[in-house]
Structure formats: structure tokens, C-alpha cells
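We name chains A, B, ... by the order of the sequence lines, and we start the count at 1 in each one. Values in this document were obtained by computation on a predicted structure and should not be read as measured data.
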Amino acid sequence: MNFDLSPDETAFRSEVRRFLDKHLPDDASHEDPDFLESWHAALREKRWIGFAWPEEDGGAAGTLMEQFILKQEMATRNAPPLGSDFMGLTWVGPALIAHGTPEQKARFLPDLLAGTSSWCTGYSEPDHGSDLASLQCRAVLEGDEYRVTGQKIWTTLAHEAKWIYMMVRTDPDARKYRGITCLLVPMNSPGIEVRPIPNLSGVTSFNQVFFDNVRVPVDNRLGEEGQGWLVTMAALANERIGISESTEKSDHLDRLIELARTAQRKGKPASADPTVRRRLARFEARIEAMRLNELRHLSARLEGSAPSSETSLNKLLRGELEFEMSELSLEILGTAGLEEGPWQRAALNWHGTIIGGGSPNIQRNIVAERILGLPKD
Amino acid sequence: MNFDLSPDETAFRSEVRRFLDKHLPDDASHEDPDFLESWHAALREKRWIGFAWPEEDGGAAGTLMEQFILKQEMATRNAPPLGSDFMGLTWVGPALIAHGTPEQKARFLPDLLAGTSSWCTGYSEPDHGSDLASLQCRAVLEGDEYRVTGQKIWTTLAHEAKWIYMMVRTDPDARKYRGITCLLVPMNSPGIEVRPIPNLSGVTSFNQVFFDNVRVPVDNRLGEEGQGWLVTMAALANERIGISESTEKSDHLDRLIELARTAQRKGKPASADPTVRRRLARFEARIEAMRLNELRHLSARLEGSAPSSETSLNKLLRGELEFEMSELSLEILGTAGLEEGPWQRAALNWHGTIIGGGSPNIQRNIVAERILGLPKD
Amino acid sequence: MNFGFTEEQQFLRDSVRKFLDERASIPHVRNWIESDPGMSLEFWRELAELGWLGLTIPETHGGAGLGWVELTVLFEETGRSLLPSPLLSTTLASTAILDHGTPDQRSRWLPSLADGSRVGSIAILEPSDHLVPSALQARGEADGSHWRIHGEKSFICDIDRADFFVTAFRTGENDEEISLAIVDRGAPGVHTEKVPCLDSTKSMGRLKLDGVQIAPEAMLGAPHQAWPAVERLMDQGAVAATAEAVGSAEAVLAITVQYAKDRVQFGQPIGHFQGVKHPLAEMHVDIESIKSLLYYAAWSLEGSPAETPRYSSLAKLYASDAFTRIGVDCVQLHGAVGYTMEYDAQLYLKRSKWFRPMFGDADHHADRLAALRGLR
Amino acid sequence: MNFGFTEEQQFLRDSVRKFLDERASIPHVRNWIESDPGMSLEFWRELAELGWLGLTIPETHGGAGLGWVELTVLFEETGRSLLPSPLLSTTLASTAILDHGTPDQRSRWLPSLADGSRVGSIAILEPSDHLVPSALQARGEADGSHWRIHGEKSFICDIDRADFFVTAFRTGENDEEISLAIVDRGAPGVHTEKVPCLDSTKSMGRLKLDGVQIAPEAMLGAPHQAWPAVERLMDQGAVAATAEAVGSAEAVLAITVQYAKDRVQFGQPIGHFQGVKHPLAEMHVDIESIKSLLYYAAWSLEGSPAETPRYSSLAKLYASDAFTRIGVDCVQLHGAVGYTMEYDAQLYLKRSKWFRPMFGDADHHADRLAALRGLR
């Protein structure tokens, strides 16, 4: 057990810090297009947009530990993401690298790295939210085209994306995960209709996507027919370093502490109330546990262990923290907490972030069944 | 809605108060045999030991509302129970009154009222804790005797009782509740063995009882063969007024508040900490809710509604209160809370009181399935 | 002694429910809150005709002459429908005039409140949000037989709908020298501002008072001595809001129970899983417990006023904690759809956020209960 | 950077575990705690021979010269077995001498602690149970080059087993003028009293000091300046106790998981029901999270001492809350048998009660963390 960085790691951290000093001004705005353009240009030059990708695919072949150091330094400095096409870089790129033909790589990877692509991913379907094995969106091969008919739901950013990476059923008779195939489909294909799903605050990031006899050239199939599940699992296994969640909660805690210090509650600063202080301390314990859980998981991965269900731990911790921290912010605000404002919006909108990774009950099942070996539902 | 007592009810309350003034000295000890003898003698004269029983069976035919008033006044004055044989008066008496032959009533009821009986009840069996329908303790009729063979567990006070009221299976082929029969068996019958089950503090109130070919005269059968379930349900339906639990928790809260006032915690009285005060206030809210839930339930019963699963509500509230209140007492005591003492013993021993009425998960199932109509497990 | 509702009360509940189910179902409510003024004025006039606006106003003043138990029934049902209306505000205003007004004031104000031609609200809290006398900084200066009020009032319900505000202000140097008066919306120096509220079925705002002149006949009760009246008004508000919360909580529980029965996942209705059914069972336990406390608190307002502070605090404390949890859990138990605008659970979640701080949050009432026990 | 255990550390864990499984299984532990002196003296000698008593004592003084990460491994495993022994006490005593003693003091005390011929403990807290300098009222009066201590010390682990006590006492008028000394059990004026403890696998008691004379060579560190040493000792105690708690919590979770797999009710193993499996999953989440905090805190003791106060508090805070809940839930999930003497879950429940207040309870550490953030 040793939390000091090795000389190589220290050198890499210095390189990252120099990069950030140079390309990330203190006053940089994540909404400023000029800044973002120069930020992405600098990253491209470093080949850091596909940081973990092989060099022949345009990446920097960064190790897990380097990824961790890069992400941590970026988080500390509140840097914008490495690229603009989050879904494409996270899901589509790794799947292409593992299973794409040379032609497919040449066709799609450069756009991903250039930041000119915008992908969404189609996994969930109505009535089969968390149960991918039973997906029903159908694709039938006719000549050199698939005809896709069916629906996808909870498709993040589908209303803005140019392409969708989607799982379809090509063999309705095959059991469970067999018979699923992966297709890459332009969102402007005839027969695709996108219906936004506004969330409870009226904001749209989710969509329902309808496919009516959509033609997809067989060249757009990623991997073999019936291997869609394997292709996607390969992308999953190419694990990202999950530092963002604990850093995000840690920032959230800093802001909450600042609120407690400054907001008056019952005639005193909220932080004068030991109930408030102790709740903040308990948040700190769980957030720091999340960060160190991630580190332990990373260490195990560096030692060669397979990705495990331990990531469910932090998802559960995060869910409870989202709820409890947003409640405390509203309690501190008191009656003013029911007027509109940023804390109030956050207190409504966290629900979506929890659902994203599967409901807390699904996470509890994963821990109970896969880790503790308890009987399945 | 009206919480004032009617003139009749007020008159009865005055009668109870006069009785308590006369027969319950302020310094009465529940352990003093002389006091208990005079207390029971006075109750017998009033016919209040079998307060709700019909007059022809030696009772006072008290109404539900009178029972409530009596129990409430007794609880307020911390009176000892109405009789010494709790199990006999609660379970066996009502079952005898509903289903006993004249000979059985004459044989057993006078002893119950005289306080010379001591009964235990045999329902649970190993491996069938909460699932009475599947009980297996077997009774076979041979001539005018049953031969009983099997086991009972969690039999409260079996190591002190003279008689056991027990459910046995007389027809192994009948489904579920049919085929169960009720027997009244002397505990000194040959073939009965009692094995105490010490609890985690080393105290014995539960037992395991083994029956090996125990002979029970057919005259000791209560109700017809195969009607054991009905007999016991009749006793259950003769509902008691459940005032004791909220009164007990209310006393517990008073003592806890006194502890918070007097015990020093981190250099100040524990009650100086708003965290402690607010936890106490939340206990008060739930305890008062329990009391009023009982009253609402009583009101509904007085209006003629059937006994309902609503009693599970207070069992759940009680379980959480037992845990949280005992935890607060130990937290207030601080490190001294790990030395032996009454608060410490209470903090270990409450577990048994929860299990008694079925585990919290069973209670939640009852509420979810019977009241909300959700699917069964 | 009887903890049940009378046949008349049950009839009131049934007829309110039937009317709201027909005329103010959730689709109606969604239409109203998406358009200006966020409610239906036509529906409001119908409520007046049905007599709901004057439920506790004496018959001599055009009301029904009933009590707080009946009001509780009414608010449970309007809460169940999330009805957007100034019913709670105008009821508290009429209660203040009924409890503390002179016969002349009652005759002047109550009939117009009962028939809906006027709407009232209350203006107690200030930006500090603290419910103690010292936190009321709006100040009345004596001006002959009149008072002139300078100050700011916050968190006022139905700011845009009320014709007048029962307003608390300081008239002396000592903390508890508080007075109550009726401030006309149109009086010189009165400035109202609507503030967007997280729960669109409720309307909120603030009031600026710039030397507003108060005539002697607008003063409610004796000057300087209104703090107990303010406390009682907040208790009445806590009872009314808790009644609404009980109805809302029951409604969202019913929606979620139905969803748990209908929604199939992994080959089972999700209500089969204890991870779903047990939280729903706990919600039922909490709602029934809040009802017990609420009904006693409502009865005490007329039947045993000395007990009202304790029981209104017990009810509001329990409900503030529980409804918050119920709102969140019901959205969560719906899975992803719970988070969408389309499903109704989120409307109740927003109401639970509105409810929690109103008329004192959980900590306020917990501290008050501890103080009643002599702990401080 | 590496958050994993080395092969040597893993080997240490495996060998400790194997030895304890064979020689100190729960039936052994039950036998020991039911007889006098509540532990096995023979087993204790074996521990000494295995080198566990001097794990962090330098090799020059007869120890193994390892660090706090190895100690954490050892305590996790003794905690898993609920091993009744003064290992924690004597380790803290040797740590105090190692960290603050002179070369002479080290040479004099450490070898006998490493070989088990002497047992030490620490005596910091007093009846007020408050872990701040002002709460230490035991007072040392200067007596030539000696000190004389008058006072009372409470909540001392292994009072009946220790040959000496590392004792904190006041030597000046200012709050932080605290000194540390080694008080011999047999010295004139020392009175020990054993106090029955709710957890029979632990031994507790108090100490009365009636003018006990302290020679200069018994003083640890410079007089008046020992408060930081006391704080560090309590942090070391918190880390060691949390390591024990992690082992105990894992053990009772494993017992309960097994019970949930074996016990059939209504035709299913009870572990099939989410009402059982979800609490067990939450326990796993908490235990793993405590481990993460604990390992970092243990590493920090030598690797980054400035971070130790924060991380020992984070670990103890989380563990105090979670182990309390785990102890209770595991007994409850067993149903009625969990409540009996016969089943083992209750032994861990009692340990969880012991653990919670030791070396600062949850509120103490939460307040300290808030203070580290500048909140007070």
C-alpha cells in the first residue's frame, strides 16, 4: 500500500499540469466556443482525445494509471471534457477499435477525434428498461441491407445526434443475448422519428426513437451478426476511470458548505447548527469513501483483476448522497427553497442521474447476487 | 370526531380511579407478594380479572370502550396486570368461552380467575416460524386418548407453566389450516421435555418443548377435531385493546428525556445538543401517532368494523422506535454505555420484543399485500 | 369519545371527491397550471357556490358554520387533486377575521370571503424566514389614530390572487409587541411581486410595504398583543397544509401502487419485489400515522385549544419528514418514467417540496416540541 | 501509487487467519469468555511467539519492524474472530513508547512488550468521557524532579491484564498543558477496578490515582506538551479499533449471508427476498467503503501524518454509524434465533456496541471533521 506516485507517474502528472497551465485559462468558460476550439485543438495535438486508444487508431495509448492522473488533474482544475462527443468517444470508439473493420475505423474514428461526430446509443426499449436480453427492436437482412423496425427509449441526446449506435434483434429464435446485432445508423435515415421526453423540469435530454422499416447497409454492421452483445461488452470492458462522480460530489459538498456558512437559518448561519455540521461531515465521509473505492478498484485493475460489480457500490452511495445533499440544501434555504433557483432545480433534477445507471434496487441486486452470492430474484 | 368522554364513560372512569386510589398505593411494588395478593383479591371482587368476559363465565362483560378506559387509567398509574396468568387470560380464556364445553369451562375458568393457573401456548415450530399453516406436531387418536409427538419452539414461559394450549396436526392429508386441532395439555405429562432457550443476555423466557408420544385425553380437546384454527382465530378476534405498547414507549421516552437532561455529554447536558432534542421530538411524534392509531382503530371497531391488518402499523413503528430510542440512550451515555447497566441491558433485549409479533419484513408484507393489494411474495 | 368522522363529514368528503374527480382531475390541473393565471377562475366561482369557501364562516355571515374537522376533510381532498386555488390562503384570512375581528369587521369581510367575491391571504414571514417575534421587522409607526407600516413580507401564498393580506408587524420595542391588520392590496404604498415557485400548483410572492396607512378599523385585535394570534394562525396553517399533504401523499401512493401492480419486469409485476412493496408499506404506515396526529390537531383547534401547539407541531413534524421521503420514493419507484414530465408522480414530488418548509419546517417544530418539554 | 496489499501483507493475513481459524474459532472464544480470566493466557503466549505483539516494534527491540498497514491486517483478522486479548491495548502502549519515548525508555519497555512478558494499556479518558484537553482533570503536582498524580481514569481497556498504563494528566493551568507518563500497576496509590462490560470479549475498567509518584524516567516526551501525542494515540486507537470492526462486520455479514442462503421460509431461501438481500447488499457497500477509508488512514500514520486526523475521523465516523446498524440488522435478519445466546450474530452485535463510543463516537468525529473544515 503506497499512495505516493512513482517517478514516471510524477513526470506524467507534471506534463498534464503544464498542459493545463498552458491551455486552460483560469477564466475559461465551458460555454465559450473560441476557448473550446483551442482546447480541443491542443488536445488533438497531444492525441489525448482518444487518450487510452492505441496509437495506430489515433490515440495516446495511455495506461490506466495515466488516465487516472489525467482525469484527476482535469477534475481538480474543472477542465471541460476531453472531447465534445461524449457518447461517441465513450462507447462507439472502443467498440470500433475492438470489432470494427479497417474500413469502418477509417470511416468513423477520425471524425470522433476531430470532434465533428455526434453519436447517441440505443439500448433500452419500452417495457424492457433494465433487461437488455429481452430487447425486441427487429432487423431483417434483405440483400445487402437490414430493415430495422422497432423503438428505443431513454436515448440521450438523440434529438441532436447524427448517428446512433444501436442493438437490434436479428434472430428472434435465439435465446437471450444471442441473436443481438450491433448497427451504426445515420439519424437522418428515412423512417427514423425522434420524440423528445421532457423531464420533470421541462428539460429534454432523453428521447424515444421510432424505427419504421429503416434501411441500414450491411457495411454498417459492427461485428458479426449475433455478436452485438459481445461487441458492446468489449466496449464496457475498456473501462473508464470513474473519477468524475466523486469529484463532482466533492464539488457539490464544497458549494453546500459555502451555502451553510453564508445562508441564515433560524436567525443564525446554518453552519452554527450542529445537526447541519454533522450531516456535512457524514457526506464528506461517504464522498471520500467513493473516491477511495475508485482508487482501490483502479489498483485491483492495475494488478490485472477483471472489471467487477464493485462499481455498483459507488452508484448506491451516489444515489443516497444525491438525495440527502439536495435535501439539506433545501432545508438550509428554508422557505426560500421553494422559490425557483439553482439549488432548487438541482434538487429536482438529480433523480435522472440515478436512473441512468439502473435503479438503486437493480444495483442492490447486483451486489447481493454477484458479490454475495444470494439467490436471484 | 369527538375526544370528550360521554357521561357514562366519565362515570366509569371515575369508578376506575376510585378503585385505583383505594387498591393501588403509590409505593406499591409489582414484586411484593402481599400487595399483589390484595390487588388480585380486589380485582376478583370487582370481577375485573376477566373484565371483558360474559358474566355467566365470571367476567364483568366490559365493553370495548370500558376496556380502553380501564387500561388507560391503569397504564397511567403503572398498575400491575389484571391477573397473574397473562397467557391464560389472553388466549385460553377467550377460546374456552367461545368453544369450550360446559365441563371444560367449569374445569378451567375458575382457576384462571383465581390466579392459580399458569398457561403457555404452543404455536411456532422449528422451520415454520411464521407459517402456522404448515405445522407438523402430530396427534393421533387412539381410543379416548391422543398421542402427541413433535416439537414447539419460542414457547414463552413453558419452563414455569402447568398447562400448554397447543395446536397439533390431526390430519396430515388435509390442506393447510384444516387438519389442525387444539389440545389442552398438562405440562407434567410423561413424554414432555422443556429445553430453555437463553436469550443473548442469558435470560430465559423462551423454550423449546419436545413431545414424545404424550397421552392426552380426548376430553382435553378444545373444539372439534380439525377446528383448531377456528378456535384460535376466535380467541384472536376477541380483541384486546392494545394500549400497552404506546404507553410503554411513552414511559420509555420520559425516562430518555430525563437521561438527556441529566447525563453530561461532551461537557454539557445531552439535551443541550439540538441533535438530541430533535431526535426526542421525532420519537414523541411517532409514539403519539401510535397512541392515536390505536384510538382510531378502537373507534372503527366500536363502529362495528372487523379487526384489520392496521395493527401491523404500530408493530412497525414500535420496531423502529425500539431500535432508535435504545441507540440514543447509548449515545447519550457515551463510553459509559458499554459498561453494564439498565439502559445497556434494554438496548440488547429489545430485539426479542420485535420478533414476538413477526419480523418487520412480515409486517411490511401484511401491509403491502392485505392493505395495499400488492402481489404476494 | 369517537375518533371517526360523522356521516355528515363522510358525505362532505364524498361529494367533494366526486366533484373534484369530475371537474378537477390531473389533466384539468395540468391545463390550468400551464396557462395564465395558473388556475380556473370559473371553477373558483363554482367552489364558492358549493359553499366550500365559507365552510367555517358562521351562517349569519353567509357561510356553512362548520368546523376545522370539516376543513380538514376539504383540504385532504383538494390536496389529493393538487387543486391550484387560493383556498388555503383565503381560509386562513377568514379564520383570522373570525377569531380576532370585531362584529363590524366580521360583517364587513366575511360575507365577501364566503361568496368568493373577495380573496384574502396572510403575510407573516419576512425574508429571514424565522418564525419568532424578533424576526418580524416590518414596523408600524403611530400616526394619529392610524399606523403606517414600513417593511417587507415574504413567502406569501396567492400573492397575485389576494385582495387583502392579514399582515403582522411590530408596533413596539419589545419582541412580542406585534400587531395584526388587514392590508388592502390597492392601498397606496403596497407593492406585490410574484416569485416563480418550484410547485406550479401553488402561487407565491412577496410584499413591500412603503408607509402603508392602516386605519383603526383595519386593525385585527388589540395592538401590540397579536403574537399569540400569529402563532395560532400558523398552527391553523400547519393543520390545513398537513391535511393537503395527507391527500397528496395518499394520491401519489395510490398512483405508485397501481404502477407497481401493472409494470412487469423480469417476468413479474414490480410490486412483487420486497424492494418495491416494502417502501410502499412504510408510506402507508406514515400516512396513517400522520392522519391520526392531524385529526387530533384539527379537533383540538376547537375542542381543546391548549393542546393545539403540541399536536399541530407533532403532525407537521411527522408530515414534513415523511412526505419529503414519499415524494422522492414514489418518483424513484417508477424508474426512468417517474422522472418525466408526462407521468404524474413528479407533480406530487414538487408539492412535497413546497409543503416541507411552509408553516414551519421539521426542525422548527421539533425545536418547539422540545421546548414544550422544557428542553432547550 | 498502489492501493493494494503487498504479497507479504497478504501472506501475513493468510497466516493469521489460518492460525485463528484453527485455534481461536468462535467455540474457543465462547469457552474463554465464559471462564476466568476471560481469555486464554496460553494462547497469548503463542501470539507472542508468532511475533504479533511486536509487529511494529523495531527488530532491535525484539519486534518485527513492520508498520500500521500490517497492524491493520492483524486487527482485521483478530476482529473477525472477536479474539479476547489485550492486543489492542498493548499495541497502543508500545506505540506511545515507540513514538515518544527516549532511547532508554524504548530499550527498557519494548522488548518485554514484544515478547509478551509485559502488557500495557492506555489511560486517557476520565468519567466525563470528553476528548478535549480541558476534560482531563487528573492533575500532576511537581514534587522535586518527580510528579505526583491525583485523579481518576475511566474506560480503560484490559484494566485487569495490563502491567502499566500510559497515562495522560494535567501539569499546568492552561488547557493544553498535558503530560504523558508510564504508571506502573503496582505503584503505591494505584487502584484498579474492573467494570463489567456489555461485550464479554472486551475487558474494561477504571483507575484511581492517589498521589502516585512519577519518576522523571517514567515521563513520556516533554512535560506539558503531550496533547498532540494524546491526539495521535487516540487516532491510532481509532484506526486499530476500526480495523477490528471491519473484520467483525465482515464476519457477521458472512454468517448472515449464509443463514439467508440456508434458511427456507414460505418455500424459498429467505435470501431470495429483497427485504433480506438488499440490507445485506448495503452492508457490503458500507464495509467496503470503511475499508477504503481505513486503509488510507492506516497508511497515512506513517506515509502522510498530516492527513491522519482527517482520515482516522472519516473512517471512525463511517464505521461507528455503519457497524451499529450492521450489528442490529444481522441479528434481526436471523429472526427469533438471532436473539438467542446459541447463535453467533449476537456476539458481533455486542462488539458493535463496544466499538461505537471507543476512541471517539460518531458525533465526536463529525464535529472534528467540521472543525477541520472551519465550521464550528
Part of residues 124-136 of chain D lying next to chain B, heavy-atom separation under 4.5 Å: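 Within residues 124-136 of chain D, near chain B: L125(D), D129(D), H130(D).
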Chain B neighbours within residues 268-283 of chain D, where any heavy atom lies under 4.5 Å away: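 From residues 268-283 of chain D, the residues near chain B are F273(D), G275(D), V276(D).
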Greater than 12 external heavy atoms within 6.0 Å of R138(B)'s CZ: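 Atom CZ in R138(B) is crowded, with more than 12 foreign heavy atoms closer than 6.0 Å.
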Enclosure of K208(D) NZ (heavy-atom neighbours >12, cutoff 6.0 Å):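 No.
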Pick from R356(D), E342(D), K353(D) with the largest number of heavy-atom pairs that fall under 4.5 Å of chain B: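 The answer is R356(D).
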Contact residues of residues 328-346 of chain B (partner chain D; heavy-atom separation under 4.5 angstrom):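 The residues closer than 4.5 Å to chain D, in numerical order, are L330(B), E331(B), L333(B), G334(B), T335(B), A336(B), G337(B), L338(B), E339(B), E340(B), Q344(B).
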Proximity of residues 368-377 of chain B to chain D, residues having a non-hydrogen atom under 4.5 angstrom: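 Those residues of residues 368-377 of chain B which have a heavy atom under 4.5 Å from chain D are D377(B).
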Distance in Å, L200(B) CG paired with L349(D) CG, rounded so as to fall on 0.5 Å steps: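 It comes to 6.5 Å.
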Gap between atom OG of S201(B) and atom NZ of K350(D) - 0.5 Å precision: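 If we round to the nearest 0.5 Å, K350(D):NZ and S201(B):OG are 6.0 Å apart.
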Smallest separation among heavy atoms of W154(B) and V337(D), with atom names: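 So the minimum-distance heavy-atom pair works out to CZ2-CG1, 3.5 Å.
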Shortest non-hydrogen contact between K266(B) and D363(D), atoms and distance: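 For K266(B) versus D363(D), the nearest heavy atoms are CE-CB, 3.8 Å.
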Heavy-atom contact with chain B under 4.5 Å, split by part of V195(D):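 Side chain of V195(D) only, per the 4.5 Å heavy-atom cut-off to chain B.
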Chain D contact via I197(B) - side chain, backbone, both or neither, heavy atoms under 4.5 Å: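 Side chain of I197(B) only, per the 4.5 Å heavy-atom cut-off to chain D.
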F206(B) and T340(D), any side-chain heavy atoms less than 4.5 Å apart: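 With C-beta onward as the side chain, the pair stays apart.
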Pairwise side-chain contact, R265(B) with D361(D), heavy-atom cut-off 4.5 Å (strictly under):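 Yes, close enough: below the 4.5 Å cut-off.
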